[in-house]
Trainee: 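Encoded as structure tokens, here's the structure I'll be asking about.
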Amino acid sequence: IAFPLMGTFAQQAPNSGSIEVITTFDYPGVGNNTLPQKINERGDIVGEFIDSNGVVRGFIRFSNGSFSDPIVDPNDTVGFTEGRGINNPRTVVGDYVISDGTVHSFLLSGSTFTEYDVPGTVQTNLLSINEPGDLTGAFDPDGSGIFQGFIDRGGTITSYSIPGAAGGTFAYETNNNKKLTVGYYIDASGILHGQYRDANGALTFPIDPPGSVTTVLFGLNNRNWVVGRYGDASGATHGLFFLLLPSTRRQPLAIGSTCSAVPARPTASSRSSVSGVATRVGARTLAYESSPWASASFRRGSPSRARA
């Protein structure tokens, strides 16, 4: 199903295609709900499952179909650990919750956990890791529960917030060539909108298909093909797939949206440009004085209530 996008997007693409379902899966065990999050180029999938008691654990489904043991951060005191990202070396990133209700994060390589929190913040929510080891996520600087998006490149953190994002900004993934970071933000009414940030720091927002009541951008590749989802007023959830034209990273072309189909790449004749809404904001940059994985001191806070 091809469709026009509103706000940032304004063109309807004529073609859509289909997908082949390779397999469906659930984490082993009776009554588990399985929520995959990311996949690496080897075919390994990271995510979390919720057992019949409501306990959340991370997992890896390896490319051969086998599963890891449940991933549980050693500091998880409330039964909530999520797997959020995985790269080709199988370094996993994720988050967990402690007894005061705050969210913290980790990297897992083999069986070794490395705790991760942005220094000087109350909460950190890691969401992805790419092949160079760049990290993306969000942090709560003051315990308000309003998160700022961030990108960590080798221990140097650049944070950003969408103007008007009263409920927070989340950076879900950055590609290996470092050209684009995608995610979402929450406005003053509690509505989620897609957003992306280019390598120069320009922000494009909102990304909202027509009829959407909530939109989240989850991932992308090195060709700047972006995927996500949106919900409509009936409660249905739809897939979202678009690419950015090579002539300018702020001129997106909508390809299609469907719960069961992935649209085909458009022909050259269908790739006319559309105007985007780009807002440039100053980024804040911090440099670590020690290891980029060092933990900081924390104050009491509350986790975001609208994470995807």
Trainee: Quick one: CG on Asn224 to CG on Leu180, what's the gap to the nearest 0.5 Å?
Mentor: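 Interatomic distance, Asn224 CG to Leu180 CG, rounded to 0.5 Å: 5.0 Å.
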Trainee: Which residues pass the side-chain contact (heavy atoms from CB on, under 4.5 Å) test with Glu131, sequence neighbours left out?
Mentor: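 In terms of side-chain contact (heavy atoms from CB on, under 4.5 Å), with neighbours along the sequence ignored, Glu131 is linked to Asn87, Asn88, Pro89, Asn176.
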Trainee: Under a 3.5 Å distance rule, please check whether Asn200 uses its side chain to pair with a backbone N or O of Ala202 as donor and acceptor.
Mentor: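 The answer is no, because no donor-acceptor pair under 3.5 Å joins these two groups.
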Trainee: Kindly write out the residues that satisfy side-chain hydrogen bond (donor to acceptor under 3.5 Å, both in side chains) with Thr34, not counting sequence neighbours, or none if the list is empty.
Mentor: Asp26
Trainee: Is it the case that the side chain of Thr169 and the backbone of Ile162 share a donor-acceptor pair, with hydrogens and angles ignored and the cut-off at 3.5 Å?
Mentor: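 Between the backbone of Ile162 and the side chain of Thr169 there is a qualifying donor-acceptor contact (under 3.5 Å).
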Trainee: For the residue pair Asp208 and Gly194, what are the closest heavy atoms and their distance?
Mentor: OD1-N, 4.4 Å
Trainee: Are Ile191 and Phe170 co-members of a hydrophobic cluster defined by side-chain heavy atoms under 4.5 Å apart?
Mentor: no
Trainee: Mind checking side-chain hydrogen bond (donor to acceptor under 3.5 Å, both in side chains) for Ser128 and listing every partner two or more places apart, or none if nothing turns up?
Mentor: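 For Ser128, the residues satisfying side-chain hydrogen bond (donor to acceptor under 3.5 Å, both in side chains) (neighbours in sequence not counted) are Thr136.
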Trainee: Using a 3.5 Å distance criterion without hydrogens, assess whether the side chain of Asn221 forms a donor-acceptor pair with backbone atoms of Arg223.
Mentor: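 Such a contact is found between Asn221 side chain and Arg223 backbone.
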Trainee: Quick check: does any side chain N or O of Asn177 sit under 3.5 Å from a backbone N or O of Asn222, one acting as donor and the other as acceptor?
Mentor: yes
Trainee: Tell me, do Leu126 and Phe150 make a side-chain contact under 4.5 Å, heavy atoms counted?
Mentor: yes
Trainee: Taking all non-hydrogen atoms of both residues into account, name the closest pair between Ile129 and Gly85 and its distance.
Mentor: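 Closest heavy-atom pair between Ile129 and Gly85: CG2-C, 4.2 Å.
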Trainee: Find the distance between OG1 (Thr102) and CG (Asp117) and round it off to the nearest 0.5 Å.
Mentor: 8.0 Å
Trainee: How would you list all residue pairs meeting salt bridge (charged side-chain N to carboxylate O under 4.0 Å, His left out) that involve residues 47-66, not counting sequence neighbours?
Mentor: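 Sorted pair list: Arg57-Asp76.
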Trainee: Which other residues belong to the hydrophobic cluster containing Phe113, where Ile, Leu, Val, Met, Phe, Trp and Tyr are joined when side-chain heavy atoms lie under 4.5 Å apart, directly or via other members?
Mentor: Val46, Ile60, Phe62, Ile71, Ile86, Val92, Tyr96, Ile98, Phe106, Leu108
Trainee: What pairs with Arg153 under salt bridge (Lys or Arg N to Asp or Glu O under 4.0 Å), at least two apart in sequence or on another chain?
Mentor: Asp134
Trainee: Could you report the tightest heavy-atom contact between Ala166 and Ala188, atom names first, then the distance?
Mentor: CB-CA, 3.7 Å
Trainee: Can a donor-acceptor pair be found, under 3.5 Å and without considering hydrogens, that links the side chain of Thr124 to the backbone of Val118?
Mentor: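 Confirmed, Thr124 side chain pairs with Val118 backbone.
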Trainee: Rounded to the nearest 0.5 Å, what's the gap from OH on Tyr184 to OH on Tyr172? Could you check?
Mentor: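 Tyr184 atom OH to Tyr172 atom OH measures 5.0 Å (nearest 0.5 Å).
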Trainee: Determine, stepwise, if the pair Ile151 / Arg197 fulfils side chain to side chain contact (heavy atoms under 4.5 Å, CB included).
Mentor: CA-CA 10 Å; Ile151 306 165; Arg197 181 185 190 274; 3.9 Å; yes
Trainee: Measure the OG1-CZ distance between Thr121 and Phe147 for me, rounded to the nearest 0.5 Å.
Mentor: 8.5 Å
Trainee: Between CG of Leu192 and CG of Asp187, what distance do you get to the nearest 0.5 Å?
Mentor: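 Between atom CG of Leu192 and atom CG of Asp187 there are 8.5 Å.
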Trainee: Could you list the residues that satisfy ring-ring contact (aromatic ring centres under 6.0 Å, His included) with Tyr27, not counting sequence neighbours?
Mentor: Phe49, Phe59, Phe67
Trainee: Distance-only, no hydrogens or angles: does the Gln123 side chain make a donor-acceptor pair with backbone N or O of Val103 under 3.5 Å?
Mentor: yes
Trainee: Side chains of Phe25 and Ile45, heavy atoms from C-beta outward: is any pair under 4.5 Å?
Mentor: yes
Trainee: Does Val226 form a side chain to side chain contact (heavy atoms under 4.5 Å, CB included) with Ile207? I'd like the steps, not just the answer.
Mentor: CA-CA 11 Å; Val226 181; Ile207 311 294; over 6 Å; no
Trainee: Under 4.5 Å between side-chain heavy atoms, counting indirect links through other Ile/Leu/Val/Met/Phe/Trp/Tyr residues: same cluster for Val55 and Phe80 or not?
Mentor: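 They do not share one cluster, since no chain of ILVMFWY contacts under 4.5 Å joins Val55 to Phe80.
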Trainee: Counting distance only, does the side-chain N/O of Asp140 pair as donor-acceptor with the main-chain N or O of Gly145 below 3.5 Å?
Mentor: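 Indeed, once roles are kept as given, a pair shorter than 3.5 Å links the two residues.
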Trainee: I'd like to check the side-chain contact (heavy atoms from CB on, under 4.5 Å) partners of Ser52; sequence neighbours left out, ordered by chain and number.
Mentor: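 Ser52 satisfies side-chain contact (heavy atoms from CB on, under 4.5 Å) with no residue once adjacent residues are dropped.
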Trainee: What residues form a side-chain hydrogen bond (donor to acceptor under 3.5 Å, both in side chains) with Asn64, not counting sequence neighbours?
Mentor: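 So Asn64 forms a side-chain hydrogen bond (donor to acceptor under 3.5 Å, both in side chains) with Ser66.
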Trainee: Just how far is it from atom OH of Tyr160 to atom CG of Leu203, taken to the nearest 0.5 Å?
Mentor: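 Rounded to the nearest 0.5 Å, the OH-CG separation comes to 7.0 Å.
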Trainee: Is there a path of hydrophobic side-chain contacts, each under 4.5 Å between heavy atoms of I/L/V/M/F/W/Y residues, joining Val56 to Val72?
Mentor: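 No; tracing contacts between hydrophobic side chains, which count when under 4.5 Å, never links both residues.
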Trainee: Between Glu173 and Leu217, is a side chain to side chain contact (heavy atoms under 4.5 Å, CB included) present by the stated rule, with each step listed?
Mentor: CA-CA 9 Å; Glu173 190 170 46; Leu217 303 184; over 6 Å; no
Trainee: Could you walk me through whether His193 and Phe205 pass the side chain to side chain contact (heavy atoms under 4.5 Å, CB included) check?
Mentor: CA-CA 8 Å; His193 306 272; Phe205 62 93; over 6 Å; no
Trainee: List the atom of Pro206, the atom of Tyr185, and the distance in Å for their closest heavy-atom pair.
Mentor: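 Heavy-atom minimum between the residues: CB-OH, 3.3 Å.
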Trainee: Would you say Asn175's side chain and Lys179's backbone share a donor-acceptor pair under 3.5 angstrom?
Mentor: yes
Trainee: For Ser99, is there any backbone N or O sitting under 3.5 Å from a side-chain donor or acceptor partner on Thr77?
Mentor: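 Pair found, side chain donor or acceptor close to backbone of Ser99.
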Trainee: Report the residues that fulfil side-chain hydrogen bond (donor to acceptor under 3.5 Å, both in side chains) with Thr174, sequence neighbours left out, ordered by chain and then residue number.
Mentor: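 Thr174: side-chain hydrogen bond (donor to acceptor under 3.5 Å, both in side chains) contacts with Thr181.
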Trainee: Do side-chain atoms of Lys38 reach the backbone of Arg84 as a donor and acceptor pair under 3.5 angstrom?
Mentor: yes
Trainee: Can you give me the closest heavy-atom contact between Pro210 and Tyr230, atom names plus distance?
Mentor: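 The pair with the smallest heavy-atom distance is O-CE1, 4.5 Å.
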Trainee: On a heavy-atom basis, which atom in Ser161 and which in Gln148 lie closest, and how many Å separate them?
Mentor: OG-CG, 3.3 Å
